[in-house]
Amino acid sequence: MLRPRKLPRETKLWNQAFPAQCCIVQSLVTPTQQVVKMAGILDVPKPRINCSMLSQHISRPVCFVGRVEKVHPTGKTFTVADGEGKIATVELNDPLEEELSGVVEVIGMVSNKGAIMATTYNMLREDKGIAFDLELYNEALKVIQDFPQHYPFEVAASG
Amino acid sequence: MWNQACSQSPGGMTCHKAGISKRATLQILPCTVSQLLSASQVSNDTFTMCHWELNQVSLVGIIRGFAPFVTNVQYSVDDMTGPPLSVRQWVDTQDCAQTLLSPGTYVKVTGSLRSFNGQRSLLAMDIRCIKDLNEITSHMLEVVQAHMQLFGKAFDVNMNPTTVPQSGRVLSHGGGGGGHPEGVLPNGLSTIQGQVLHVIRRFSVGVGISLRDLKIQLDHLSIRDIRDSLAFLVNEGHVFTTIDDHHFKSSDH
């Protein structure tokens, strides 16, 4: 984990060296707190799944990568398409504060209805016209599902 | 920087610990966080997976948080297979601008696994932002392919040997002679590929050796094995064709 004990003094040194980045560095203390806040779900395995695997992961944490389809006017829910073109619904605790488009990676729990209750999400930028091949990603999902011993979503206790 | 990182290891140079594990993974092994956390620790800074000693590993994940210190930056990198892993990178004081990567960035890390006070972390040799998101996909597939090739016989979560599911789509394309970990030479070639290359090297004068002569030299091998090996060797650049598609020369001759 991060070491909070030494952080304040060294953050100050960093600030002196990079005054222009003060604001960024200031926020450095908070990621630790954010991590603690979201610790529950981020500190456990979050299997990568597509729409057809949702029903097997009800009430469990998952990681879903898809393309944003429709954002609800309230900004509290949106839909994503997976590599098979199937649609999943993502529900947020707080309304979106940014415009959402392109490829998004959602971390959340699967509800009884099969919706993803998002804890956090990240927009994955497709740089310089290199498109993310969602169909290929979907194929990779099937491979890692076929070989869980070579791509485990769990940590062995013996380690 | 590389040497600095290596010599800072409290247990000394990890590369020269003889006798602990005879087999070591010489290439950079693509891994998941869960695999690194599950690896067995055999000594201070030596870890093994299925009795293979780990050297450098690679990891693809998203940065969840980071903390800068005077001499190093610590990132927590999450690849979804477990809790985020702590990744430490030494700061080059000459060029500090290189280092800051913000949370939410997907990165590829290469480095070696360390343990400090029972806490595992990755000592990074290199951290770079992923520009092409398809690297997330390719890393997932590389992990499966590399572990299948190295460890062949699979183990389930309780470390009981299980049979590898015969899903042909992964096994059959085996670039480096997949599925035959015993027969892999140090240069990454299978024994059959090694024999074919050896003969081509011996006959790499003039127009090289014809496929027919190759078959005569290697009459214990099936023509199919020879053709498969040739396709691999040509693809990997060890061998090239000369006057026509049936004459071969070794590229390092």
Side-chain angles (χ1 to χ4, degrees), chain A residues 1-4 6-7 10-11 13-14 17-18 21 24-25 28-32 34-35 38-39 42-48 62-63 65 103 105 107 120 122-128 130-133 136-137 139-141 143-144 146-159, chain B residues 32-41 47 62-70 74 76 78 80-84 86 96-97 100 102-106 119-120 129-134 136-141 143-148 151 154-159 162 164-165 167 169-170:
Chain A
M1 280 307 288
L2 312 169
R3 287 190 216 145
K6 269 196 167 179
L7 188 59
E10 298 192 354
T11 307
L13 287 174
W14 191 274
F18 300 96
Q21 291 181 333
I24 303 171
V25 177
L28 287 185
V29 189
T30 44
T32 328
Q34 279 170 12
V35 167
M38 302 188 292
L42 287 184
D43 282 343
V44 296
K46 306 154 282 281
R48 291 180 179 272
V62 294
C63 168
V65 178
V103 179
E105 182 175 78
I107 307 291
T120 180
N122 276 287
M123 267 201 276
L124 304 179
R125 283 181 218 298
E126 292 165 295
D127 258 30
K128 297 186 182 103
I130 311 171
F132 180 61
D133 189 336
L136 187 65
Y137 176 79
E139 291 303 314
L141 290 186
V143 171
I144 63 173
D146 283 353
F147 299 97
Q149 70 275 37
H150 295 310
Y151 202 96
F153 281 98
E154 61 198 339
V155 178
S158 60
Chain B
T32 64
V33 170
S34 55
Q35 287 165 338
L36 294 177
L37 293 177
S38 303
S40 319
Q41 190 171 6
F47 297 88
I62 195 164
I63 293 181
R64 293 286 181 213
F66 65 124
F69 299 97
V70 173
Q74 280 192 7
S76 56
D78 189 359
M80 314 307 161
T81 63
S86 163
C96 285
L100 270 181
S102 52
T105 312
Y106 250 100
Q119 184 80 48
R120 285 188 190 186
C129 294
I130 281 184
K131 296 238 169 61
D132 181 353
L133 292 176
N134 296 301
I136 301 170
T137 311
S138 61
H139 185 80
M140 286 159 60
L141 296 171
V143 168
V144 175
Q145 206 252 359
H147 287 252
M148 188 177 288
F151 309 128
F155 294 89
D156 68 13
V157 287
N158 299 316
M159 298 306 282
T162 59
V164 176
S167 175
R169 68 178 169 203
V170 176

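Letters A, B, ... mirror the listed sequences (proteins, then strands); counts begin at 1. If you're wondering where the values come from, they're calculated on a predicted model, not measured in any experiment. Because only heavy atoms are used, hydrogens play no part in the values below, and waters and symmetry mates are left out as well, while side chains stay in.
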Heavy-atom pair of closest approach, residues Ser40(B) and Arg120(B): C-NH2, 4.5 Å
Portion of Asp78(B) that has a non-hydrogen atom of chain A nearer than 4.5 angstrom: side chain
Leu133(B) backbone acceptor or donor facing Asp133(A) side chain under 3.5 Å: no
Pairing residues for Asn122(A) by the side chain to side chain donor-acceptor pair (under 3.5 Å) criterion, not counting sequence neighbours: none
Interface residue of largest heavy-atom contact number with chain A, from Thr81(B), Ile130(B), Thr137(B), under 4.5 Å: Thr81(B)
Under 4.5 Å from any heavy atom of chain B - which part of Ile107(A): side chain
Residue among Ile62(B), Leu36(B), Val33(B) with most heavy-atom pairs under 4.5 Å to chain A: Ile62(B)
4.5 Å side-chain heavy-atom contact, Pro83(B) and Leu42(A): no
Pairs of heavy atoms under 4.5 Å with chain B: top-ranked of Val62(A), Ile144(A), Val65(A): Ile144(A)
For Phe47(B), ring-ring contact (aromatic ring centres under 6.0 Å, His included) partners two or more places apart: none
